[in-house]
Amino acid sequence: MKKENVIEADQLTKTFGDFTAVNAISFEVKKGEIFGFLGANGAGKTTAMKMLIGISKPSSGTAKVAGFDVYSQTEFIKKNIGYMSQKFALYDDLTVKENITFFGGIYGLSRKKIKEKRAQLISELGLEDISNKLVGSLPLGWKQKLSFSVSLLHEPKIVFLDEPTGGVDPITRRHFWEMIYKAADQGTTIFVTTHYMDEAEYCDRVSIMVEGKIEALDTPKKLKEQFKVESMNDVFLKLARNIEAP
Amino acid sequence: MSISLSNISKSYKKVKAVQDISFDVNPGELFGLIGPDGAGKTTIFRILTTLLIPDEGTAKVAGFDIVADYKAIRSSVGYMPGRFSLYQDLTVEENLSFFATIFGTTIEENYDLIEDIYVQIAPFKNRRAGKLSGGMKQKLALCCALIHKPKVLFLDEPTTGVDPVSRKEFWEMLKRLQKKGITILVSTPYMDEAALCDRIALIQNGAILDIDTPKAIVSKFPKTIYNVGANNMYKLIQSLQDYEHLYSVFPFGEFVHYTDQRESFEIAELKSYLEKAGLTDIHIEVAQANIEDAFMELAK
């Protein structure tokens, strides 16, 4: 039972002048997989992610995302993925309803479909009482849950989540992960970065980038065995430490 | 007391940012304010650093009243705000001498205090602060907050968005500063960092949930926690949520933390329930509660 690959990167590289931000990374992500994309600040995660979502042209190497080429078919990629970051998620000055309608429109959904999705989403998240409130007035955790749901509006094959839970309280953080499990269970591929190492354990597979290269890639269980440690936090510390030594 | 708050409240229009908060920090203590975004941590910092006047209550820092003696407080505390607030267009060295000059001192005078942090950014001393990486900005900001040898150091979320390696290094730096006799109040949304503090206040929605040593907070957890694992995490959580004796279930790393409503609990019974639900590779064992479990229980 071999599942299809929805991301395939081969020797993907990005240089800025004589600095190599992403150095020949190769990996595959399967349909419905929760793939954790980890690395220290400045390791090249954001640059790699930008190439995969079609907003930064690689310097060399190849990659396909949702079956489309990252050089020539970036518009198709954008239609087939969802993206959510911690920094920019929703418009604070629009209400919950307006945000959903706006993003539905951006993704090119029909009015009927938007209406249907809006009702479904508001009821699933239990936002009935506050659907006419400005998003700016909501607690961060609610915003992030709403933002994740909005990134799924157009039923993308892959969702890219860039530190979705930073600063979110522990209970909401776990509700957020339950939403991720649910989406993955329904076949959506999840590509997620995080600095919470307990969240790395929730992923099916995890890659760890160090100075532009993928230094480790496996299931959390196998990585812990490989590095003979108890937690993903220790795997992370060990990898980054080893690199610092001359 | 190095820091002492009694019955402090502050509202922004209708929003009650902090409500009737009281706590004391002992001299030389490393004290953590632990809570998510919006808990009121930054408001507390701004009140204690005299940038904001509370609606109610009184507070003292390093023996001075936050309203009457605000000038004395400003010269005896160091403050590293959550948002990078150095001059982006000045170099590393220029920023540092600027802060030293403002506080009527020189880099040389207190160099011993910042030396082991500054040497790490010294190779970039001619680089503009705006061009530094996140980790280096954080180190420079800490140097600038320390250059006048403050008695009390306020650090508002110094490690938010910082990777685990840099976070670990940062905490090692704090421990060394503490040994030099500086009282430190630090806030963080990362519960694992709570264990590194002498005492912590868990805070949510402007109110304190508990104040104690990390060990004592964990030991007060009222239930036995079980690590439960199975072949499918999503189905496992769903099945447990439907279990009639469930008290709580939360994902925790590779397992979920499960607590039961009953006093006496049979592992075998839960195992057979999960097997009937179609799960395999079931694993159940007693686990240790941690700060995050305690926080979630108190926040309920």
Side-chain angles (χ1 to χ4, degrees), chain A residues 34 38-43 45 86-87 137-141 143-144 163 165-186 194-204 210 219-221 224 230-241 243-244, chain B residues 13-15 34-39 41 82 132-138 157 159-169 187-192 202-205 229 232-238 241 248-257 290-300:
Chain A
I34 303 176
L38 311 184
N41 299 114
K45 297 189 305 280
Q86 191 196 353
K87 291 185 190 90
S137 69
L138 301 184
L140 178 75
K143 276 192 211 174
Q144 295 304 84
E163 286 184 44
T165 55
V168 174
D169 73 83
I171 295 179
T172 311
R173 205 151 71 78
R174 288 180 168 78
H175 289 157
F176 192 90
W177 271 89
E178 286 169 24
M179 291 173 68
I180 290 182
Y181 284 131
K182 188 177 171 192
D185 198 61
Q186 290 166 353
T194 179
H195 285 316
Y196 291 98
M197 287 302 120
D198 61 328
E199 295 188 349
E201 311 255 8
Y202 302 161
C203 300
D204 294 319
V210 181
T219 62
K221 197 168 179 227
K224 284 183 276 181
E230 295 286 311
S231 69
M232 280 305 294
N233 194 48
D234 293 339
V235 171
F236 194 97
L237 292 177
K238 215 161 180 179
L239 261 178
R241 276 290 138 87
I243 294 306
E244 273 172 36
Chain B
K13 289 180 186 162
K14 278 188 207 156
V15 182
I34 316 290
D37 279 15
K41 305 189 297 289
L132 294 174
S133 73
M136 286 200 281
K137 276 182 183 164
Q138 183 201 38
E157 298 207 11
T159 55
T160 293
V162 174
D163 67 76
V165 176
S166 310
R167 275 168 53 196
K168 188 163 180 267
E169 283 173 4
S187 70
T188 177
Y190 296 102
M191 303 278 161
D192 56 338
L202 300 181
I203 172 169
Q204 173 156 291
N205 299 329
N232 183 317
M233 192 62 135
Y234 179 58
K235 291 203 178 86
L236 173 65
I237 294 170
Q238 282 200 317
Q241 278 169 346
S248 70
V249 56
F250 292 112
F252 254 92
E254 64 176 312
F255 300 111
V256 302
H257 277 186
N290 63 29
I291 299 279
E292 213 158 6
D293 290 303
F295 188 96
M296 292 195 288
E297 177 63 22
L298 291 165
K300 263 191 168 175

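We name chains A, B, ... by the order of the sequence lines, and we start the count at 1 in each one.
Both the backbone and the side chain of B:Met296 have a heavy atom closer than 4.5 Å to some heavy atom of chain A. With a 4.5 angstrom heavy-atom cutoff, B:Gln241 touches chain A only via side-chain atoms. Contacts of B:Asn232 with chain A are made by side-chain atoms alone, with heavy-atom separations under 4.5 Å and no backbone atom involved. Within the 4.5 angstrom heavy-atom criterion, atoms from both the backbone and the side chain of A:Ile171 approach chain B. For B:Phe250, the parts sitting under 4.5 Å from any heavy atom of chain A are the backbone and the side chain alike. Of the atoms belonging to B:Val162, heavy atoms from both backbone and side chain fall under 4.5 Å from chain A. Using a 4.5 Å cut-off between heavy atoms, B:Gln204 contacts chain A through its side chain alone, with no backbone atom that close.
Of all the heavy atoms in A:Ala184 and A:Ile34, the pair that sits closest is CB-CG1, 3.7 Å. B:Lys41 approaches B:Pro36 most closely through the heavy-atom pair NZ-O, 3.0 Å. In terms of heavy-atom proximity, A:Leu38 sits nearest to A:Lys45 at C-CD, 3.5 Å. Residues A:Trp177 and A:Cys203 share a closest heavy-atom pair of CH2-SG, 4.0 Å.
In terms of heavy-atom pairs under 4.5 Å with chain A, the best-connected choice from B:Pro251, B:Gly35, B:Ser166, B:Ala39 is B:Pro251. Among the candidates A:His175, A:Arg173, A:Glu178, the residue making the largest number of heavy-atom pairs closer than 4.5 Å to chain B is A:Glu178.
With sequence neighbours excluded, the residues satisfying side-chain contact (heavy atoms from CB on, under 4.5 Å) with A:Glu201 are A:Pro220, A:Lys224, A:Ser231, A:Met232, B:Glu254.
More than 12 heavy-atom neighbours from other residues, nucleotides or ligands sit within 6.0 angstrom of NZ on B:Lys137.
For the side-chain contact (heavy atoms from CB on, under 4.5 Å) with A:Thr165, the qualifying choice from A:Arg174, A:His195, A:Glu199 is A:Glu199, the only one to do so.
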